[in-house]
2 protein chains.
Amino acid sequence: MVTLEDVAKQAGVSLATASRVLNGSTRQVGADLRARVERAADELGYRANIAAQTLARGSSNVIGIVVHDLTDPYFAALADGAMRAAATEGLLVMVGTTHRDPEQEIAYVATLNAQRVRAVLLAGSRVADQAVTGRLREELARYRDSGGRAACVGQDLLGVDTVAPANREGAAELARALAGLGHTRFAVLAGPPHLMTAADRSAGFAAALEELGLPAPQVIHGPFDRDGGYAAARQVEDATCVFAVNDVMAVGALAAYRERGVRVPDDVSVAGFDDIVTLRDHVPALTTVRLPLADMGARALELALNEEEPVVVEHVAGEVVLRESVRRIA
Amino acid sequence: MVTLEDVAKQAGVSLATASRVLNGSTRQVGADLRARVERAADELGYRANIAAQTLARGSSNVIGIVVHDLTDPYFAALADGAMRAAATEGLLVMVGTTHRDPEQEIAYVATLNAQRVRAVLLAGSRVADQAVTGRLREELARYRDSGGRAACVGQDLLGVDTVAPANREGAAELARALAGLGHTRFAVLAGPPHLMTAADRSAGFAAALEELGLPAPQVIHGPFDRDGGYAAARQVEDATCVFAVNDVMAVGALAAYRERGVRVPDDVSVAGFDDIVTLRDHVPALTTVRLPLADMGARALELALNEEEPVVVEHVAGEVVLRESVRRIA
DNA sequence: CCCTCCCCGGAAAGCGATTTCCAAGTCTGC
DNA sequence: GCAGACTTGGAAATCGCTTTCCGGGGAGGG
């Protein structure tokens, strides 16, 4: 392992000079010494030990991102946006996946704290469990007390800067658009009741229907994934329009209908939420609420890095996109 | 920032003892001292500084994964598999995305080297550019000389352990299956000519056709993504069956046909490669070659961690999955 | 009962960088 | 030609932890 000392020795200069040349400093170094050091470093193939730098500098150039599941395109898009932003700042990224286990999330924050990462991004929905949320909050507070920065994409339950999709409003907007097509009997594939994102979307949708004087939708709970949508769709009793609280569930629902020979949108209309890019070519094309996921990820990083009092919560509006999975009815 | 020294002081023990209690060691510590230290750590909210540990121990508990693009489900699945495996080993993960820029890949290896990560996983295809590959190889050699471990998912161009999908064989198998359905005039949406994965699949397909005594397919090059498939499909001249070298391109091709009113599989059959999970519900269901991506990622990590002479290259067979996007013809 | 060996606690030497503080030049301006 | 202000190079302290080495005390064997 080539160390800075080796380089300094080879170049015939002091450690200090070598450090100043190679690893950035406010101080100038004469042209000839600088050249000697650079040549030595090159010849030896020197690579600074970042652990040592982090220790000496007291801060690292790494950020952490914690997501539920990378294979879920929602999180992949979020993470990608944040990673692109990180790259432009010269930051490295540690990604942790919790696979929806809140304990894992807490553990990951602790670990990232131990790593002294510059910032932590928490993506994904909080659950409505006070005990767990409290512990996460505590761990986060510990991290921030020691100078760490944090931001959150999803709900603002944590007292940190947050980029929050306007789930309620987006779902309400969607409900109005669908009602505008003549639908009156709705079902909501609502996901898990304790998951805030799911609950907010479901509630926003129902609230809008109520405002419009329409009957309350049939609400069916279940997992937040493709198979959850598939299973929930089979329980729909009598609705002309089904709202799945995310696109992946909506795709599951479409699969269930297809299997049973129920035509979409002729027999039933289906809508989702998120506008996942990978699903843009789905047939029938999914009506949904578009969220600028990559931008949200990037924005969250920005918020974290420039974190200041007071805590800011940015709401990101979704845009209703009507596609062929819904139709106007008589 | 609470340091180990603070904990030791509070517990009234030496630094060494505190270290032994909190951060694992072969040495035993008496029960009462151990309890005192644990209580002190807990009260103060101590979190070990991993940079310092890494420096002192000379090795870290982080691995690096370099992928082209996280929003591409192929890489997401690979990364997810590797990350699950890492988690069971208690390892943390740094993910780098290159967005298909080989320079970025080299830079990332250098950075991971600087981080002294325990292992590096390189996912994604090499390009057939000797100069760039040489530099990557060099950087990798530097890393491995200093004790780093590495493995690769894709081509084995780098002299490191590799998990390589049997691209040629899989594509050949697919060609035989499609020929078995009566097809004789083929087109290949072949992706970029210099990308090894794409080239191998394309070549394997063509070779199998030749063996069967069938005419050579029309080969159309273009980008390796959805839009590349879309664009390439429009250039197909006269074929009853189109093979896109990956699923994402196949989906683009399907979209192109749909727009032009060409029915799949009635008018033309389409097949892809990879069997991306997110696309399983696509209509029409995509005929493809299934690759166990998550397993491959996990296996690559395993190889890297247990790396030994000689270099091992594991070929992973793909499984042809016939679905409704192809049909038997007269 | 003494000696040896083992077990456990602490002092201190690293790990590989950064950065402060000094000292010695080098330029200015008069 | 000289004082004072800048530059520039180097020695050494420091970051927070691990680990070797040393020493003291208790257990076990002769």
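Naming convention: chains lettered A, B, ... in sequence-line order (proteins, then strands); numbering from 1 in each chain.
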Check: B:V277 and A:T71 side chains under 4.5 Å, non-hydrogen atoms: no
B:R39/B:E43 salt bridge by N-O under 4.0 Å criterion: yes
DNA chain C-proximal residues of residues 10-23 of chain A, any heavy atom under 4.0 Å: A:A16, A:S19, A:R20, A:N23
Atom pair CD1/CE of B:I65 and B:M83 - distance to nearest 0.5 Å: 6.0 Å
Nearest-Å distance for atom pair CZ/C1', residues B:R57 and D:dC17: 9 Å
Protein-nucleotide distance (A:R27, atom CZ; D:dT7, atom P), rounded to Å: 11 Å
Sugar-phosphate only, base, or nothing, as touched by A:A48 at under 4.0 Å among non-hydrogen atoms: sugar-phosphate
Minimal non-hydrogen separation, B:V66 against B:Y108, with atom names: CG2-CB, 4.2 Å
Under-4.0 Å salt bridge between A:R100 and A:D225: no
Separation of D:dA13 P from A:L55 CG (nearest whole Å): 17 Å
Minimum heavy-atom distance between A:A76 and B:L70, given as atom pair plus value: CB-O, 3.7 Å
Near-strand residues of residues 28-40 of chain A, defined as heavy-atom separation under 4.0 angstrom from DNA chain C: none
Salt bridge present between A:R34 and A:E38 (N-O < 4.0 angstrom): yes
Pair A:R135-A:E138, salt bridge (Lys or Arg N to Asp or Glu O under 4.0 Å): steps then yes or no: CA-CA 5 Å; A:R135 300 221 334 278; A:E138 201 175 289; over 6 Å; no
Check against salt bridge (Lys or Arg N to Asp or Glu O under 4.0 Å), B:R299 and B:E302: CA-CA 5 Å; B:R299 181 64 186 144; B:E302 207 175 309; 2.7 Å; yes
DNA chain C: 5'-most and 3'-most nucleotides touching chain B, 4.0 angstrom heavy-atom criterion: C:dC8 to C:dG16
Heavy-atom pair with the smallest gap, counting every atom of A:A82 and A:L301: O-CD2, 3.6 Å
